[in-house]
Structure formats: C-alpha cells, structure tokens
Participant: 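Quick one: the structure is below, and I'll ask about it shortly.
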Amino acid sequence: MRKVWLAIRSAILWSLSILHFFIVAPTLVLLGIFLDARKHDWLQRTFCRRIAFLSGARVEIVRSGGSMPAGRVSL
C-alpha cells in the first residue's frame, strides 16, 4: 500500500511541477523581453524555489562568515 501511495504522490508532484513550469517559464521569458530583469528578479527567485520544492528537494543555505548579508547580490 505504501508503494502505491508513493507512486500516486510522485505522479501528482510531477504533474504539478510540469504545469507550473510550462505556465511560469514563458511568462518570465516575456517579462525578460519587455522589462528590466531587476524589476522581476524576485519572481525568478520564487519560481526557482517552487521548482525545487515541487521536486521534493530540501534546500539549505549555509553562508560563510565573510559572505555578504542576506538580500545583497553582487555579479
């Protein structure tokens, strides 16, 4: 019974992930064409977090002692 539940759960997560990807990714591409990337950076970050969440991955952020404060990005 547990294997059946895991298979159903996996199928649901995969379908949600595919649906999420094919709706949000083209939207972000269109935003990238017409708007400055810095204006919708938070959308891209949220999208990546959701994809990681829907895939079942556990993400842990470990910063070194000399790293920049949270929220600051340097390219």
Side-chain angles (χ1 to χ4, degrees):
M1 187 65 166
R2 178 149 170 88
K3 287 184 180 183
V4 173
W5 165 247
L6 290 176
I8 292 171
R9 180 178 170 257
S10 177
I12 290 171
L13 286 175
W14 270 98
S15 60
L16 284 175
S17 182
I18 289 170
L19 184 66
H20 181 255
F21 181 80
F22 284 111
I23 290 174
V24 178
T27 304
L28 289 175
V29 169
L30 289 174
L31 284 174
I33 292 171
F34 296 111
L35 296 176
D36 183 27
R38 287 176 274 172
K39 291 184 180 180
H40 58 86
D41 183 54
W42 64 275
L43 280 173
Q44 295 173 14
R45 291 175 188 267
T46 304
F47 175 66
C48 291
R49 284 189 202 109
R50 290 291 104 199
I51 291 294
F53 173 76
L54 288 174
S55 71
R58 296 179 192 255
V59 179
E60 180 180 346
I61 299 172
V62 179
R63 290 187 167 79
S64 64
S67 69
M68 296 178 117
R72 301 232 16 221
V73 177
S74 176
L75 299 176

Participant: Test of understanding: clusters of I, L, V, M, F, W, Y form through side-chain heavy atoms closer than 4.5 Å, transitively. Do Leu43 and Phe34 belong to the same one?
Facilitator: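 They do not share one cluster, since no chain of ILVMFWY contacts under 4.5 Å joins Leu43 to Phe34.
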Participant: So which pairs with a foot in residues 27-36 pass side-chain hydrogen bond (donor to acceptor under 3.5 Å, both in side chains), sequence neighbours left out?
Facilitator: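 Every side-chain hydrogen bond (donor to acceptor under 3.5 Å, both in side chains) pair that includes a residue of residues 27-36, provided the two are not neighbours, is Asp36-Arg38.
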Participant: Quick check for you: to the nearest 0.5 Å, what is the distance between Leu31 atom CG and Gln44 atom CD?
Facilitator: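 If we round to the nearest 0.5 Å, Leu31:CG and Gln44:CD are 8.5 Å apart.
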Participant: As an exercise, state the distance from CG of Leu28 to CG of Leu35, rounded to the nearest 0.5 Å.
Facilitator: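 Interatomic distance, Leu28 CG to Leu35 CG, rounded to 0.5 Å: 11.0 Å.
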Participant: Examine Ile12 and Val4 and state if one hydrophobic cluster contains both, with Ile, Leu, Val, Met, Phe, Trp and Tyr joined whenever side-chain heavy atoms are less than 4.5 Å apart.
Facilitator: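 Linked within one cluster.
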Participant: Under 4.5 Å between side-chain heavy atoms, hopping through other hydrophobics if needed: is there a path connecting Phe22 to Trp14?
Facilitator: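 Result: yes, single cluster for both.
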Participant: Tell me whether Thr46 contacts the main-chain N or O of Trp42 through its side chain, where contact means a donor paired with an acceptor under 3.5 Å.
Facilitator: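 It does hold such a pair.
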Participant: For the CZ atom of Phe47 and the CD1 atom of Ile23, what is their distance to the nearest 0.5 Å?
Facilitator: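 Here the interatomic distance stands at 10.5 Å.
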Participant: Taking only residues two or more places apart in sequence, or in another chain, which ones meet Leu6 in a side chain to side chain contact (heavy atoms under 4.5 Å, CB included)?
Facilitator: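 Checked Leu6 against side chain to side chain contact (heavy atoms under 4.5 Å, CB included); matches are Arg2.
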